[in-house]
**Student:** 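Sharing a structure, written as structure tokens. Questions coming.
When a ligand or atom number is given, it counts from 1 through the structure's own listing order.
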Amino acid sequence: MIDLQLDEEFAVLTLRRPAALNALSFELIAQIGERIAEAGRSNARALIVTGEGEKAFCAGADIKELQQRGLRAQREGAELGQAVFAQLDRLPMPSIALVNGYAFGGGCEFALACTLRLALPNAKFGLPEVKLGLIPGYGGTQRLPRLVGQGRALEMVMTGRTVGADEALSIGLVNRIVQAPGLEAAKAYAREFTGNGLRALQFAREAVQRAGDLPLHEGLRVEADLSTLAYRTKDAEEGMQAFVEKRKAVFRDE
Ligand code: DAK
């Protein structure tokens with residue numbers, strides 16, 4: 001139900017449960033974790049995450065499965081979902097959510113956990129858990145405010161309202177709106193950075209992501225550490241040498 005294809009320089013993870021609008025059963029979440037790990041072992045330079053069909057990226061956690069569970073199972077379920085989505089941060093390559101329809105609840109949280117987000121014009125985002133008497137459990141309350149600010153995040157989480165593609169772009173919830181065919185658009189977008197070395201991209205991702213967690217003076221120290229580590233890579237040697245020799249750098253991710 002979770003498909004991972006290597007396609008050119010990309011790994012493409014597709015949620016395939018269209019009869020339930022790609023809703024996330026716990027089984028599906030575990031499979032997503034396995035496929036993300038597989039992508040991490042591949043030579044891909046970016047991971048693109050999308051949903052099968054034209055209607056939904058992912059309509060959230062499987063509501064039917066969430067009913068009548070014990071507290072311990074529910075807690076473990078939240079930790080599983082959080083851990084699986086957090087795997088994206090540690091991937092050697094950046095990830096892009098290509099949101100092709102509904103991205104509700106856990107589906108929105110999956111997109112939030114990706115490095116970057118693209119929306120097709122029919123994309124619809126929302127964290128409607130309160131309408132079920134719940135609150136988000138797969139990272140949404142933590143990642144959304146870091147991305148769009150606390151006020152907007154509180155409004156989305158408290159009302160559960162749906163945010164369309166244009167609004168998502170205007171509040172920074174997505175990086176761009178792209179036109180169909182989405183996969184080709186996502187690949188073209190990814191190629192804006194896939195020519196850069198993965199080491200530098202990884203250090204850059206970590207530095208920027210830590211900015212959301214740390215006070216300024218600690219973040220600056222992290223930046224000094226990571227930029228020094230980047231300087232020590234062979235890719236940095238190559239990049240600077242290529243500049244001096246007025247040629248295009250050839251990065252080897254070393
Ligand atoms: N779960 C299970 N099935 C779902 C589903 C979902 N989230 N969303 C849709 N489906 C199923 C529908 O039941 C229907 O199945 P059948 O009745 O045909 O068998 C099929 O997909 C098609 O859906 P609809 O017939 O409803 O299609 P419509 O076009 O009319 O409506 C919709 C589309 C997206 C507006 C609607 O399906 C909808 O409102 N879906 C629910 C959206 C939602 O509320 N998502 C948030 C889920 S809550 C936690 C873990 C997780 C979470 C919290 C805590 N812990 C472990 C502590 C997070 C929870 C969530 O994500």
**Student:** Strictly less than 4.0 Å: does any protein heavy-atom distance to atom 10 (N) of ligand 1 fall in that range?
**Tutor:**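 So far as the 4.0 Å threshold goes, atom 10 (N) of ligand 1 is in reach of a protein heavy atom.
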
**Student:** Output yes when a protein non-hydrogen atom is found under 4.0 Å of atom 44 (O) of ligand 1, and no otherwise.
**Tutor:** yes

**Student:** Sub-3.5 Å donor-acceptor pair from the side chain of Asp235 to the main-chain atoms of Phe251, do we have one?
**Tutor:**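 Looks like no, no N/O pair under 3.5 Å.
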
**Student:** With heavy atoms under 4.0 Å as the rule, classify the contact between Glu129 and ligand 1 as side chain, backbone, both or neither.
**Tutor:** side chain

**Student:** Are Arg161 and Glu167 close enough for a salt bridge, meaning some N to O gap below 4.0 Å?
**Tutor:** yes

**Student:** Side chains of Leu173 and Met156: does their closest heavy-atom pair fall under 4.5 Å?
**Tutor:** yes

**Student:** As a test of the contact definition, would atom 2 (C) of ligand 1 count as having a protein heavy-atom neighbour under 4.0 Å?
**Tutor:** yes

**Student:** So does Glu9 get a backbone contact from the side chain of Arg45, meaning a donor-acceptor N/O pair under 3.5 Å?
**Tutor:** no

**Student:** If you count the atoms of ligand 1 from 1 in the order shown, which ones are under 4.0 Å from a heavy atom of Ala78?
**Tutor:**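 Under 4.0 Å from Ala78, ligand 1 has these atoms: 55 (N), 56 (C), 57 (C).
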
**Student:** Which residue and non-hydrogen atom of the protein lie closest to atom 55 (N) of ligand 1, and at what distance in Å?
**Tutor:** Gln74 NE2, 3.5 Å

**Student:** Answer yes or no for Ile135: is there a heavy-atom contact with ligand 1 below 4.0 Å?
**Tutor:** yes

**Student:** Go through the side-chain N and O atoms of Thr14 and Thr50 and say whether any donor and acceptor fall under 3.5 Å apart.
**Tutor:** no

**Student:** With a cut-off of 4.0 Å, which atoms of ligand 1 are near a heavy atom of Lys55?
**Tutor:**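 Listed by number with element: 27 (O), 28 (P), 29 (O).
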
**Student:** Is Gly81 near ligand 1, meaning one of its heavy atoms is under 4.0 Å from it?
**Tutor:** no

**Student:** If the threshold is 4.0 Å, N to carboxylate O, is there a salt bridge linking Lys234 and Glu237?
**Tutor:**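 Between Glu237 and Lys234 there is no salt bridge, as every charged N stays at least 4.0 Å from the carboxylate O atoms.
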
**Student:** Within the structure provided, determine whether Leu183 and Asp7 are in side-chain contact (heavy-atom separation under 4.5 Å).
**Tutor:**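 Yes, their side chains come closer than 4.5 Å.
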
**Student:** For atom 48 (S) of ligand 1, state whether the nearest protein heavy atom is under 4.0 Å away.
**Tutor:**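 Given the 4.0 Å cut-off, atom 48 (S) of ligand 1 counts as touching protein heavy atoms.
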
**Student:** Got Phe104 and Thr162 here, is their nearest side-chain heavy-atom distance under 4.5 Å?
**Tutor:**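 The answer is yes, as the side chains (C-beta and beyond) meet within the 4.5 Å cut-off.
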
**Student:** Write out the residue and atom name of the closest protein heavy atom to atom 40 (N) of ligand 1, then the distance separating them to 0.1 Å.
**Tutor:** Ala59 CB, 4.5 Å

**Student:** Under 3.5 Å between any N/O of Glu109 and any N/O of ligand 1: does that happen in this structure?
**Tutor:** no

**Student:** Output yes when a side-chain donor or acceptor of Gln87 lies under 3.5 Å from a complementary backbone atom of Gly33, and no otherwise.
**Tutor:** yes

**Student:** Does only the side chain of Pro128 get under 4.0 Å from ligand 1, or the backbone, or both, or neither? Count heavy atoms.
**Tutor:** side chain

**Student:** With atoms numbered from 1 as shown, which atoms in ligand 1 lie under 4.0 angstrom from a non-hydrogen atom of Lys64?
**Tutor:** 13 (O), 15 (O), 19 (O)

**Student:** Are Phe57 and Ile63 grouped together when hydrophobic residues (ILVMFWY) are joined by side-chain heavy atoms under 4.5 angstrom apart?
**Tutor:**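 As far as the 4.5 Å side-chain criterion goes, Ile63 and Phe57 are connected within one cluster.
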
**Student:** Where the side chain of Asn100 meets the backbone of Leu120, is there a donor-acceptor pair that is under 3.5 Å apart?
**Tutor:** no

**Student:** I'd like to know if Ala19 contacts ligand 1, where contact means a heavy-atom distance under 4.0 Å to any ligand atom.
**Tutor:**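 The answer is yes: ligand 1 sits under 4.0 Å from a heavy atom of Ala19.
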
**Student:** Is any N or O atom of Phe104, backbone or side chain, closer than 3.5 Å to an N or O atom of ligand 1?
**Tutor:**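 Phe104 vs ligand 1: no N/O contact under 3.5 Å.
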
**Student:** Within a strict 4.5 Å, meaning less than it, do heavy atoms of the Thr194 and Tyr189 side chains meet?
**Tutor:** no

**Student:** Quick test: of every protein heavy atom, which one is nearest to atom 41 (C) of ligand 1, and how far off is it to 0.1 Å?
**Tutor:**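 Going atom by atom, the protein heavy atom closest to atom 41 (C) of ligand 1 ends up being Ile63 CD1, 3.8 Å.
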
**Student:** With distance as the sole criterion, is a donor-acceptor pair present between the side chains of Gln202 and Glu206 under 3.5 Å?
**Tutor:** no

**Student:** Would you say CZ of Arg72 has more than 12 non-hydrogen atoms from neighbouring residues, nucleotides or ligands within 6.0 angstrom?
**Tutor:** no

**Student:** Heavy atoms only, cut-off 4.0 Å: how does Arg75 contact ligand 1, side chain, backbone, both, or neither?
**Tutor:**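 Neither; nothing of Arg75 gets under 4.0 Å from ligand 1.
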
**Student:** Taking Arg221 first and then Glu218, would you say they form a salt bridge - that is, a charged N and a carboxylate O separated by under 4.0 Å?
**Tutor:** no

**Student:** Could you tell me whether atom 38 (C) of ligand 1 has at least one protein heavy atom nearer than 4.0 Å?
**Tutor:**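 Flag for atom 38 (C) of ligand 1 set to false, no protein heavy atom closer than 4.0 Å.
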
**Student:** Work out whether the distance between some heavy atom of Lys131 and some atom of ligand 1 is less than 4.0 Å.
**Tutor:**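 Per 4.0 Å heavy-atom rule, Lys131 does not contact ligand 1.
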
**Student:** Consider every N or O of Tyr138 and every N or O of ligand 1, then say whether any pair is closer than 3.5 Å.
**Tutor:** no

**Student:** Just to be sure I read this right, does ligand 1 sit under 4.0 Å from the backbone of Asp62, its side chain, both, or neither, counting only heavy atoms?
**Tutor:**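 Both backbone and side chain.
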
**Student:** I want to know if ligand 1 touches Gly137 in the polar sense, i.e. an N/O pair below 3.5 angstrom.
**Tutor:**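 There is no such contact.
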
**Student:** Applying a 4.0 Å heavy-atom criterion (strictly less than), which segment of Leu132 is in contact with ligand 1: side chain, backbone, both, or neither?
**Tutor:** side chain

**Student:** Under 4.0 Å from a heavy atom of Gly105: give me the atoms of ligand 1 that qualify, with their elements.
**Tutor:** 46 (C), 61 (O)

**Student:** Is atom 18 (O) of ligand 1 touching the protein, meaning some protein heavy atom lies under 4.0 Å away?
**Tutor:**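 Within 4.0 Å: no protein heavy atom nearby.
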
**Student:** Just wondering, are more than 12 heavy atoms of other shown residues or ligands nearer than 6.0 Å to CG in Asn43?
**Tutor:** no

**Student:** Atom 24 (P) of ligand 1: which protein heavy atom is closest, and how many Å away?
**Tutor:**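 Atom 24 (P) of ligand 1 sits closest to the protein heavy atom Leu21 CD1, 4.5 Å.
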
**Student:** Taking only heavy atoms of Gly77 into account, list the atoms of ligand 1 that are under 4.0 Å away from them.
**Tutor:**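 Taking each heavy atom of Gly77 in turn, ligand 1 has 56 (C) under 4.0 Å.
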
**Student:** Taking NZ, NE, NH1 and NH2 as the nitrogens, is one of them in Asp213 or Arg146 under 4.0 Å from a carboxylate oxygen of the other?
**Tutor:** yes

**Student:** Taking 4.0 angstrom as the limit and counting only heavy atoms of Gly60, give me the atoms of ligand 1 inside it, by number and element.
**Tutor:**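 So the atoms of ligand 1 that pass are 61 (O).
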
**Student:** Sort out for me which residue in Leu226, Asp225, Leu220 forms a side-chain contact (heavy atoms from CB on, under 4.5 Å) with Val222.
**Tutor:** Leu226

**Student:** Return yes or no for this condition: an N or O of Ala23 is under 3.5 Å from an N or O of ligand 1.
**Tutor:** no

**Student:** With a 4.0 Å cut-off on N to O distance, would you call Lys187 and Glu8 a salt bridge?
**Tutor:** yes

**Student:** Check whether any protein heavy atom sits under 4.0 Å from atom 27 (O) of ligand 1.
**Tutor:** yes

**Student:** So, is Gly106 polar-close to ligand 1, with some N/O to N/O distance under 3.5 Å?
**Tutor:**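 So ligand 1 has an N or O lying under 3.5 Å from an N or O of Gly106.
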
**Student:** Tell me which one of Ala61, Gly107, Ala20, Cys108 gets a heavy atom nearest to atom 6 (C) of ligand 1.
**Tutor:** Ala61

